[in-house]
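Worksheet: one structure, shown below.
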There are 2 protein chains.
Amino acid sequence: MSAPLNLTKNQALVFDALTRAEGPMSAYTILDKLRDHGFRAPLQVYRALEKLLELGLVHRLESLNSFVACSHTAEACCRHHGTVAFAICESCGQVSEFHDHAIDERLASFARLKGFKAEKTTIELRGLCSACAG
Amino acid sequence: MSAPLNLTKNQALVFDALTRAEGPMSAYTILDKLRDHGFRAPLQVYRALEKLLELGLVHRLESLNSFVACSHTAEACCRHHGTVAFAICESCGQVSEFHDHAIDERLASFARLKGFKAEKTTIELRGLCSACAG
DNA sequence: ACAATCGATGTAATAACATAACACCAACAT
DNA sequence: ATGTTGGTGTTATGTTATTACATCGATTGT
């Protein structure tokens with residue numbers, strides 16, 4: 001486990017916490033998990049997250065105000081896959097990350113048509129995963 | 001103008017405020033606009049919003065923690081158009097609402113494949129509108 | 001070496017967003 | 001007339017995020 005890149009101590013701690021969690025966590029939940037490691041204030045978490053988001057190691061779930069480790073952190077990461085979309089189970093909290101080129105195309109096409117310059121795209125499905133839907 | 005349906009006084013006030021605004025507003029901003037009309041607490045706003053969201057007269061922008069009036073409130077409203085997507089200008093705050101059947105299909109197809117039962121879908125583009133991008 | 005700069009950090013305070021808990025009241029059906 | 005439902009008002013609290021300010025260490029140009 002641990003630090004895949006040139007992460008600082010705080011960044012690595014936050015990343016590890018998220019990776020272990022196997023599910024989304026709020027910044028404050030992360031903070032609580034890291035109190036033993038010397039974290040005292042939200043800003044320590046938010047600053048680390050900011051960097052991790054920038055690196056694409058972590059994603060923010062807007063509809064949950066929380067954060068997940070990127071599921072493709074094996075080697076290459078998400079920047080290579082186009083827009084990231086999430087399916088979030090309301091029941092068990094499981095998040096699955098996916099990419100769909102056709103959707104990217106449609107969004108790009110809309111943007112082209114309207115002259116809209118998209119910087120960031122959010123796609124999130126809330127519902128029930130197959131296990132929970134039964 | 002004004003109450004299109006059987007809205008209560010508070011619901012109508014919130015809806016009017018959002019309609020006039022021609023842009024997204026946070027619940028607290030709405031609260032401030034309605035102080036003159038007797039609003040005193042956030043809950044009054046949130047309760048009205050809850051109903052308006054349910055009726056499809058208003059949308060929540062997850063990436064902004066704020067709310068907009070549905071742009072199709074002429075007659076029929078958004079429930080008839082499938083998933084609603086938003087292009088949000090970071091510069092001028094303008095929001096344009098759109099619908100894309102092909103995207104709906106791709107998302108439905110993903111859901112089918114994974115056995116995911118989607119209850120609610122969020123699609124938001126953040127960026128610059130044509131006017132602001134220049 | 002020296003200062004300058006840059007990025008990360010620590011801490012406290014506060015802002016912004018959202019809900020819980022409780023009481024009250026009007027409309028309406030049984 | 002009583003119970004139920006849905007809206008309301010109020011206070012308090014919980015949750016998420018940022019601002020402001022001080023410090024520290026590494027790097028770099030001179």
Side-chain angles (χ1 to χ4, degrees), chain A residues 2-18 21 23-55 57-68 88 90 93 120 122 124 126, chain B residues 3-18 21 23-55 57-68 88 90 93 95 120 122 124 126:
Chain A
S2 307
L5 279 157
N6 300 325
L7 300 182
T8 64
K9 179 158 170 275
N10 285 0
Q11 291 159 11
L13 283 167
V14 168
F15 182 67
D16 276 13
L18 276 173
M25 297 173 93
S26 76
Y28 280 74
T29 304
I30 296 170
L31 174 57
D32 286 339
K33 297 258 181 205
L34 294 180
R35 292 213 187 266
D36 295 345
H37 295 270
F39 275 51
R40 313 297 314 271
L43 203 47
Q44 295 174 289
V45 177
Y46 281 110
R47 288 202 274 228
L49 285 172
E50 181 179 21
K51 195 67 179 191
L52 294 168
L53 288 166
E54 209 175 301
L55 295 171
L57 296 173
V58 159
H59 301 294
R60 179 187 169 92
L61 301 176
E62 299 289 353
S63 68
L64 244 40
N65 293 323
S66 59
F67 305 85
V68 273
I88 302 165
E90 311 261 30
K120 174 161 198 309
T122 298
E124 295 175 19
R126 305 282 298 269
Chain B
L5 280 158
N6 300 325
L7 300 182
T8 65
K9 180 162 170 270
N10 285 1
Q11 291 158 12
L13 283 167
V14 169
F15 182 67
D16 277 13
L18 277 172
M25 294 173 94
S26 76
Y28 278 74
T29 304
I30 296 171
L31 174 57
D32 286 339
K33 298 259 181 204
L34 294 180
R35 291 213 187 267
D36 295 345
H37 296 270
F39 274 51
R40 314 297 314 271
L43 205 47
Q44 296 174 288
V45 177
Y46 282 109
R47 288 203 272 228
L49 285 171
E50 182 180 20
K51 195 66 176 194
L52 295 168
L53 288 166
E54 208 175 301
L55 295 171
L57 295 172
V58 158
H59 301 295
R60 179 188 168 93
L61 301 176
E62 299 289 353
S63 68
L64 243 38
N65 293 323
S66 58
F67 305 85
V68 273
I88 302 165
E90 311 260 29
V95 173
K120 175 163 199 306
T122 299
E124 296 176 18
R126 306 280 299 267

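Everything numeric in this text was worked out from a predicted model, so none of it was measured. The chains referred to below are lettered A, B, ... by the order of the sequence lines, with proteins before strands, and numbering in each begins at 1.
With rounding to whole Å, N6(A) atom CG is found 13 Å from dG7(C) atom C1'. Rounded to whole Å, atom P of dT19(D) lies 10 Å from atom CG of L43(A). The nearest whole Å value for the distance from the CG atom in L34(A) to the P atom in dT9(C) is 12 Å. For D32(B) and dC17(C), the CG to P distance is 10 Å, given to the nearest whole Å. The interatomic distance linking Y46(B) (OH) with dT10(D) (P) rounds to 18 Å, in whole Å. Atom P of nucleotide dC17(C) and atom CG of L64(B) are separated by 9 Å, given to the nearest angstrom. In this structure, the CG atom of L31(B) is 11 Å from the P atom of dC17(C), given to the nearest Å. One can place CZ of F39(A) at 8 Å from P of dT9(C), the figure rounded to the nearest angstrom.
For N10(A) and dG10(C), the shortest distance from a side-chain N or O to OP1 or OP2 is below 4.0 Å. The shortest distance between the side-chain N/O atoms of T8(A) and the OP1/OP2 oxygens of dT9(C) is below 4.0 Å. Phosphate contact (OP1/OP2 of dT16(D), side-chain N/O of S26(A), threshold under 4.0 Å): present. Considering only side-chain N and O atoms, N65(A) lies under 4.0 angstrom from the phosphate OP1 or OP2 of dA17(D). Q44(B) has a side-chain polar atom (N or O) that falls below the 4.0 Å cut-off from OP1 or OP2 of dG9(D). Between K9(B) and dG7(D) there is no side-chain N or O to OP1 or OP2 distance below 4.0 Å. Under 4.0 angstrom from either OP1 or OP2 of dA18(C) there lies at least one side-chain N or O belonging to R60(B).
Donor-acceptor pairing under 3.5 Å, judged by distance alone, is present between the side chain of Y28(B) and the base of dA18(C).
Residues meeting the side chain to side chain donor-acceptor pair (under 3.5 Å) test with N10(B), sequence neighbours left out: none.
Of the candidates dA21(C), dG7(D), dC17(C), dG7(D) carries the atom nearest the Q11(B) side chain, counting heavy atoms from C-beta on. The side chain of A41(B) lies closest to dT10(D), out of dT10(D), dT11(C), dA18(C).
Residue contacts for R47(A): at a heavy-atom cut-off of 4.0 Å it reaches a base atom on one of the strands shown. Among the heavy atoms of the strands, none lies under 4.0 Å from A27(B).
The environment of K9(B) atom NZ is sparse: at most 12 non-hydrogen atoms of other residues, nucleotides or ligands sit within 6.0 angstrom.
Side-chain contact between I30(B) and F39(B) is absent, with no heavy-atom pair separated by less than 4.5 Å.
With 3.5 Å as the limit, one finds no donor-acceptor pair spanning the side chains of T122(A) and E62(A).
Here the closest non-hydrogen pair linking V58(A) and L53(A) is O-CD2, 3.2 Å.
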